[in-house]
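Atoms within each ligand, like the ligands themselves, are counted from 1 in listed order.
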Amino acid sequence: MNATVLFTGVLAALAGLMFGLDIGVISGASQFIQQEFHVSDHVIESIVSSMMFGAAVGAVGAGWLSSTLGRKRSLILGAVLFVLGSVLSGIAWSPATLIAARVVLGLAIGLSTFTAPLYLAEVAPENFRGAMISTYQLMITIGILAAFLSDTALSYHGAWRWMLGVIAIPGALFLLGVLVLPDSPRWLLMRGYREQAIAVLRRLREDETTVQREVADIDEQLKTPQRGWHMFKENRHFRRSVGLGVLLQLMQQFTGMNVVMYYAPRIFQGMGYDTAAQMWFTALVGITNVLATFIAIALIDRWGRKPILYTGFTVMAIGLAVVGAMMHIGIQGHGQQIFTVVMLLIFIVGFAMSAGPLVWTLCSEIQPLKGRDFGIACSTFTNWICNMIVGATFLTLLNGIGHANTFWLYAAFNVVFIALVFWLVPETKGVTLEQIERNLMAGKRLRNIGS
Ligand code: BGC
């Protein structure tokens, strides 16, 4: 692998890191924001979820921007928005400015989380594609952890402005990096810039034969233009795969994972811990999330998708049900506190080893070539909308139906998802994308399109 490819991979991975940083950073900051602005839980929910709203809008615009402006310029725009949003969050003078700043951050995330994997897949040599995409996933969890740790360090001074503002630094590095990225050869060919495309490929690939073969491959693929919306209206089978992608992302979000990502300190407060302990346990959640992602990476091509999903949803259901039960009984004493924390960590393991990485993988595997961009845009949009709903309702649920019922509700969702995996999700391990597409179009049941 040459230096340019490595550099390109590192950069696109940085986009994952930015994604994670912005997901994780709010959990530690929100209690201090609440104290400074004297606002209700509803306002906090709006501050948390405004980012996901921005991301949903960003994800919808991203397909169009990355095809008209190009991948590189879309990433530059994303990076600029990251820096702007972070600085604005740090200096926010009212809850309303903070909400606006988080919408800007959301736009950045929506845009770059659509464009970075696309760019990555287009510049990575074939044999590194899988590794690069898992790295991207891992970077998300590392970003979340980094944000939790920096929040913890800054919490001793209640410095929420620094927590939010400091993300401008990795944002600026990301911007500097994307400025020197080569444009995607595939996009250049799509737009008819043949000479430039070949020049870029010569920088990315070892020898002239590989360059020429890849140009020919891309030319061949471009004969199948993206006709997502048209296909969606005309083709019933495509509507089924789009529906499955949407459902998979809905399931991922309603596992309840982001409840913990956004509100972990608040949950630990509910277990009777003081601020310092809340922050350290939140950091522990972040570490668990990173480590358990390796389980998924190790198992995904060995166990297959479905067994991992069954295991993950079961583990999550049990973890949440027990946490709910403990909250119902009333947690007393150190032993019970620790036990409840461990059960919450087990829930995190369940997510990180399954639905976290796998849903993203499945969503890109099940769409037919002609509708891939459209299909992935629909499922990604769903991810952000559901993410927003989860973030915007958690405190209301806690205040309305209580801690125990809230956790039981999410546990029940996870039980339902076990059944949905059984009925609707295909096993795609070791099957080519062409085979999946053929099965889908032949009208096989969704759960059988992988065999
Ligand atoms: C999800 C995010 C979540 C993260 C946690 C991702 O796969 O899409 O919503 O915050 O995992 O690690």
Check: Does the side chain of M327 reach to within under 4.5 Å of the side chain of T406, using non-hydrogen atoms?
Finding: no
Here the gap from N383 atom CG to L248 atom CG, rounded to the nearest 0.5 Å, amounts to 11.0 Å
Starting from the N and O atoms of ligand 1, find every protein N or O within less than 3.5 Å and list the pair with its distance.
{"unit_1": "ligand 1", "atom_1": "7 (O)", "unit_2": "Q252", "atom_2": "NE2", "d": "3.0"}
{"unit_1": "ligand 1", "atom_1": "7 (O)", "unit_2": "G356", "atom_2": "O", "d": "3.3"}
{"unit_1": "ligand 1", "atom_1": "7 (O)", "unit_2": "W360", "atom_2": "NE1", "d": "3.0"}
{"unit_1": "ligand 1", "atom_1": "8 (O)", "unit_2": "Q252", "atom_2": "OE1", "d": "3.0"}
{"unit_1": "ligand 1", "atom_1": "8 (O)", "unit_2": "W360", "atom_2": "NE1", "d": "3.3"}
{"unit_1": "ligand 1", "atom_1": "8 (O)", "unit_2": "N383", "atom_2": "ND2", "d": "3.4"}
{"unit_1": "ligand 1", "atom_1": "9 (O)", "unit_2": "Q253", "atom_2": "NE2", "d": "3.0"}
{"unit_1": "ligand 1", "atom_1": "9 (O)", "unit_2": "N258", "atom_2": "ND2", "d": "2.8"}
{"unit_1": "ligand 1", "atom_1": "10 (O)", "unit_2": "N258", "atom_2": "OD1", "d": "2.6"}
{"unit_1": "ligand 1", "atom_1": "12 (O)", "unit_2": "N289", "atom_2": "ND2", "d": "3.0"}

Applied to residues 384-410, the ring-ring contact (aromatic ring centres under 6.0 Å, His included) test, sequence neighbours excluded, yields F19-W384, Y263-F394, H328-W408, Y410-F413
So the salt bridge (Lys or Arg N to Asp or Glu O under 4.0 Å) pairs with at least one residue in residues 268-282 (sequence neighbours excluded) are none
Name each donor-acceptor pair under 3.5 Å that joins a side chain in residues 353-361 to protein atoms two or more places apart or in another chain, with its distance.
{"unit_1": "S354", "atom_1": "OG", "unit_2": "G350", "atom_2": "O", "d": "2.6"}
{"unit_1": "T361", "atom_1": "OG1", "unit_2": "P357", "atom_2": "O", "d": "3.0"}

Exercise. Give a yes-or-no answer on whether the side chains of T115 and S112 include a donor-acceptor pair shorter than 3.5 Å.
Key: no
